[in-house]
Amino acid sequence: MKPAPFEYVAPSTISGVLEILGQNDPDEVKLMAGGQSLMPLLNMRLSRPALVIDLGKVADLDFIRETDEGVVIGAMTSKRAVEDSELILREHPLLWESTVAIGHPPIRNRGTVGGSMAQADPASEYPAVALVLGAELVAVSARGERTIPADDFFVTFLTTCLEPDEVLTEIRIPRLAPRSGWAFQEVARRHGDFAIVGATATLRLEAGVVVDPRIAVFGVADRALRFSAAESLLTGQAASDEMIDEVASQAAAAVEDPLEDAHASADYRRHLAGVLVGRVLREAAVRAAEASTGA
Amino acid sequence: MASESPQQGGIRLKVRVNGEHHESVVDPRMNLADYLREELRLTATHVGCEHGVCGICNVLVDGQAVRSCLMLAVQVDGKEVRTVEGLAEGGKLHPIQEAFIEEHGLQCGFCTGGFMMALCELFDRNPSPSEAEIKEVVGGQICRCTGYNAILRSAQNAAAKMSASRS
């Protein structure tokens with residue numbers, strides 16, 4: 001057997017999860033969501049928890065709901081359920097588009113929305129999408145519940161601001177403003193592989209100028225990055241080719257410490273970040289223009 | 001059995017595999033692929049990369065294709081598992097298997113089960129998939145022999161066979 005020995009428990013309620021979490025040294029415990037990242041880590045013994053708490057039986061965490069503000073997705077909702085959701089396709093086509101870019105169908109059958117958020121892999125699609133959509137993440141512990149804006153949630157490699165005794169329960173995604181344009185693009189060696197670099201953006205056009213642009217990339221640095229300076233630069237400007245080029249190069253220059261590995265050098269990642277930011281801004285601007293003219 | 005308190009050592013597991021009921025006591029760290037192969041001796045489920053990339057170990061759990069190397073055996077407690085051994089019925093090959101033979105969809109055959117189980121889920125969900133939908137599913141497994149064209153033809157042939165048998 002590949003993983004090191006561990007004890008296993010699969011509580012059926014969140015209170016059951018919190019109780020067991022409270023009885024054990026949090027450094028010795030791993031929460032398992034869909035297991036599509038954790039299982040390889042266990043198999044390679046990069047992770048050797050004494051106890052695995054499987055969240056797979058907590059039925060209360062598996063839902064997609066529409067609210068007045070937008071949609072709420074339970075942390076244990078599978079990516080396949082997101083892909084199959086008419087509500088998501090209609091309300092959050094950007095989330096839908098990023099979902100089908102994740103892995104392959106069998107991975108999406110098991111992998112969960114909350115699992116990707118909490119895993120915070122730098123090359124993961126969902127954290128960047130959470131940033132541009134202004135998502136909020138809800139965590140519970142024995143101490144109570146707190147709501148964390150996506151901008152504060154992702155800290156660095158595989159690290160979020162979740163405390164060891166907290167469990168992510170749901171992701172709240174506000175409705176996109178009317179007539180918003182959006183785009184999502186990634187470059188991977190093979191469709192379904194981890195992205196080398198990806199980018200996503202949303203924006204609106206009012207009286208010919210850009211309003212409320214949001215730009216994020218993934219796979220470039222230790223976490224998904226939002227480019228607030230580049231967003232400010234674009235705000236109030238026409239979405240011309242020259243302007244978008246300038247914003248894209250400013251975003252690329254703003255990456256502090258690009259990742260470097262066997263797949264791509266730091267320079268290539270920075271270059272790709274600029275190219276993809278340019279592409280998603282152009283695509284988002286086209287969609288926003290179409291939405292404004294009712295096309 | 002699902003337990004509300006941590007367990008080490010043996011955990012009791014009840015599962016139906018290809019319609020047959022099994023009860024086992026498994027170590028929590030045993031993955032589903034190893035359980036099927038080592039405990040149940042169902043060795044048609046092959047293991048390749050063992051970390052979710054190659055797709056060769058695909059099986060169906062409650063009708064959904066999953067990587068059996070990325071699931072613990074204890075997680076299929078109370079569920080229905082279908083493996084390559086469960087495709088043929090009454091000594092007659094499944095249309096997907098017949099199509100792979102007719103179109104030469106395999107050379108060494110090591111990866112073939114993974115492709116067939118992923119396609120099995122696709123056809124259950126969508127009896128007449130588009131070429132793009134077939135490619136999306138075929139793209140989830142790695143084959144080092146065929147170059148994939150023969151596998152795509154096999155998938156299309158299987159889809160045609162299955163829709164012909166329904167009409």
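Each chain gets a letter, A, B and so on, in the order its sequence line appears, and its residues count up from 1. Quick caveat, the model's predicted, so the values are computed rather than measured.
- In this structure, A:R90 places its CZ atom where more than 12 heavy-atom neighbours from other residues, nucleotides or ligands lie under 6.0 Å away.
- Between B:N58 and B:Q141, the side chains place a donor N or O and an acceptor N or O closer than 3.5 Å (distance only, hydrogens not considered).
- The shortest non-hydrogen separation linking B:G105 to B:I151 is O-CG1, 3.4 Å.
- Between B:H104 atom NE2 and B:E102 atom CD the span is 9.5 Å, to the nearest 0.5 Å.
- With hydrogens and angles left out, the side-chain atoms of B:N157 and B:E103 include a donor and acceptor closer than 3.5 Å.
- Atom CZ of B:R41 is surrounded by 12 or fewer heavy atoms from other residues, nucleotides or ligands within 6.0 Å.
- Neither the backbone nor the side chain of B:M117 comes within contact range of chain A; no heavy atoms are under 4.5 Å apart.
- Of the two parts of B:V53, the backbone and the side chain both hold a non-hydrogen atom closer than 4.5 Å to a non-hydrogen atom of chain A.
- For residues 183-199 of chain A, heavy-atom neighbours of chain B at less than 4.5 Å comprise A:R190, A:H191, sorted by residue number.
- Of all non-hydrogen atoms in A:P49 and A:F6, the two that sit nearest each other are O-CB, 3.4 Å.
- Between atom NE2 of residue B:H22 and atom CG of residue B:L36 there is a gap of 9.0 Å, rounded to the nearest 0.5 Å.
- Heavy-atom pairs under 4.5 Å with chain A peak, among B:L60, B:L72, B:V137, at B:L72.
- Side-chain atoms of A:D60 and A:T13 include no donor-acceptor pair closer than 3.5 Å.
- Contacts of residues 93-111 of chain A with chain B at a heavy-atom distance below 4.5 Å involve A:V100, A:H104, A:P105, A:P106, A:I107, A:R108, A:N109, A:R110, listed in sequence order.
- Here the closest heavy-atom approach between residue A:G219 and residue A:L259 is recorded as O-CD1, 3.7 Å.
- Of the listed residues (B:E38, B:E136, B:M30), the greatest number of heavy-atom pairs within a distance under 4.5 Å of chain A belongs to B:E136.
- Within the 3.5 Å criterion, the main-chain N or O of B:S163 finds no donor-acceptor partner in the side chain of B:S165.
- Note on A:V52, A:D54, A:I53: by heavy-atom pairs under 4.5 Å with chain B, the leading option is A:D54.
- Between A:R80 and A:E83, at least one side-chain nitrogen of the basic residue sits less than 4.0 Å from a carboxylate oxygen of the acidic one, meeting the salt-bridge criterion.
- For B:K161, the NZ atom is densely surrounded, since the number of other residues' heavy atoms within 6.0 Å is greater than 12.
- The neighbour count for A:K2 NZ, taken as heavy atoms of other residues, nucleotides or ligands under 6.0 Å away, is above 12.
- Your options are B:C49, B:G140, B:C69, and the one with the most heavy-atom pairs under 4.5 Å with chain A is B:G140.
- Between the side chain of B:R16 and the main chain of B:H21, no donor-acceptor pair closer than 3.5 Å is present.
- Chain A is approached within less than 4.5 Å, heavy atom to heavy atom, by B:E121, B:R125 from residues 121-132 of chain B, ordered by number.
- Interface residues of residues 18-28 of chain A toward chain B, defined by a heavy-atom distance below 4.5 Å and sorted by number: A:I20.
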